[in-house]
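First up is the structure itself, then whatever we jot down about it.
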Amino acid sequence: MHDQSVIKVGIVGLGTVGSGTFNILSRNADAIFLKTGKRIRVSHIGARRDNPNVNIADSSFADEVKVSRDIFDVVKDDELDIVVELIGGTDVAKEIVTYALKSGKHVVTANKALIALHGNELFALAKANGVVLAFEAAVAGGIPIIKVLAEGLSANRISWLAGIINGTGNFILTEMKNKGRDFDSVLKEAQALGYAEADPTFDVEGIDAAHKLSILASLAFSVPINFSQVFTEGITEITQEDLQFADSFGYKIKHLGIARRTEKGIEARVHPTLVPNANLLTKVDGVMNAVMVKGDAVGSTLYYGAGAGAEATGSAVCADIIDIARGDVGSKEIAFGKKQNFISIDEIRCAYYLRLDVQDQAGGLASISKVLSKQNISIEGLYQQEAPEEDTVVPVVIITQRVEEKAMNQAIKKIEALDCTQGKAKKIRIEHFKS
Ligand code: HSE
């Protein structure tokens, strides 16, 4: 057995988060020692190639760190106490994590896809082997939101949470809105800055946010992780027009992950959302993330910080390593409760923004409002762009009151079939987070 005052860490994957983690552990080695009374040493790195942002020779671990090109050499290293999995993906990563847990090593990961898809099985495996699988960095980068739900708010019955949990998507919407930039150029910049996933469709189609939301929902409501039940809609259909119309009604469009406990079951959904300007989530711009959590005892709380990037995410990875070094792992032994019903998107209730292309002719608006009133949908606001000449097609924007999504969809079908409308209606959900 090696010296108990030294914790040996192996890092698998030296990409953006791997480099951040290594550099923090090296630079802050003395500060971390003061907090833990343990020396946390990176003694093995598994990486297919070097990372120019990591200078091992100048680091605190220069004398001892071994670099292997075969990443499985790291998990096979019996000297290690903790394996840090930072390769991403779900195939090899699952093998690495399974091997490490079975061989009695604690695992720290930033891999939201792995936890969302295989977390239930892997937490059980960790428990069976008397080790922990820690994943603070998997959701919202540097914001300690896992700790908030598992520890800080543990006495509360959580009624809902809502978050901007994909930095790339938020960066794109912010740049489009504030600078009038086009979608593709902002996405390219997010990739160059290291925010986007290897496959950026995960960011813009909402899959990354859905991975994260499934993890948050399970912690908030003490249920097993249920990624397949998260409704997911991306930001690729949001246009400059929508951003500006929303603004004129006093809203910002944010890509939110929302999880709520309802009488019918749990709702979990990721989609673009109109949020009233007075809500603090509308102030969260660029790559920043934020999560709002409503607990019965504490009320509404808000957590804000960098949701992506080498050291912001590395900060969360290091926090898990430090907890394990201290033996402070109680809340990481995730004990999910029983399965619960997740409700379908048809059953949710919210307000809606509808953008329609309407032929500017007498009776057009009347026929649209007749469809809505027959469906018992009340109009809260309406805007029709002035037509440059008679009979041209102009955008009409309608803000509705809260209604069940199923009724809204039925009304939209009927509106799309009217003679005065053209093409498909654009529907964006609105949330006020009043209760
Ligand atoms: N691609 C992710 C994002 C990285 O943009 O938020 C952090 O999980």
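Residue numbers start at 1 and run along the sequence shown. Atoms within each ligand, like the ligands themselves, are counted from 1 in listed order.
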Backbone or side-chain N or O of Ala308 under 3.5 Å from ligand 1 N or O: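 No, no N or O pair falls under 3.5 Å.
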
Is there at least one pair of N or O atoms, one from Thr168 and one from ligand 1, spaced under 3.5 Å apart?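 Between Thr168 and ligand 1 (N or O atoms, distance only) the closest approach is under 3.5 Å.
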
Quick check for you: to the nearest 0.5 Å, what is the distance between Thr174 atom OG1 and Lys254 atom NZ? 4.0 Å

Is a donor on one side and an acceptor on the other found under 3.5 Å between the side chain of [X] and the backbone of [Y]?
| X | Y | result |
| --- | --- | --- |
| Asn23 | Gly20 | no |
| Asn51 | Ser19 | no |
| Lys426 | Glu237 | yes |
| Ser26 | Ser60 | yes |
| Asn156 | Ile158 | no |

Subset of ligand 1 atoms that lie under 4.0 Å from at least one heavy atom of Asp203: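 Atoms satisfying the 4.0 Å criterion: 1 (N), 2 (C), 3 (C), 5 (O).
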
Would you mind listing which atoms of ligand 1 come within a distance below 4.0 Å of any non-hydrogen atom of Lys212?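 Per the distance check, 2 (C), 3 (C), 6 (O), 7 (C), 8 (O).
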
Nearest protein heavy atom to atom 6 (O) of ligand 1, by residue and atom, and its distance? Gly167 N, 2.7 Å

Return the residue, atom name and 0.1 Å-rounded distance of the protein heavy atom closest to atom 7 (C) of ligand 1. Gly307 O, 3.4 Å

Which residue from His211, Lys112, Glu197 reaches closest to atom 1 (N) of ligand 1 through any of its heavy atoms?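 Nearest option to atom 1 (N) of ligand 1, by heavy atoms: Glu197.
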
Between Asp208 and ligand 1, find which residue part has any heavy-atom pair under 4.0 Å and reply side chain, backbone, both or neither.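 Side chain only.
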
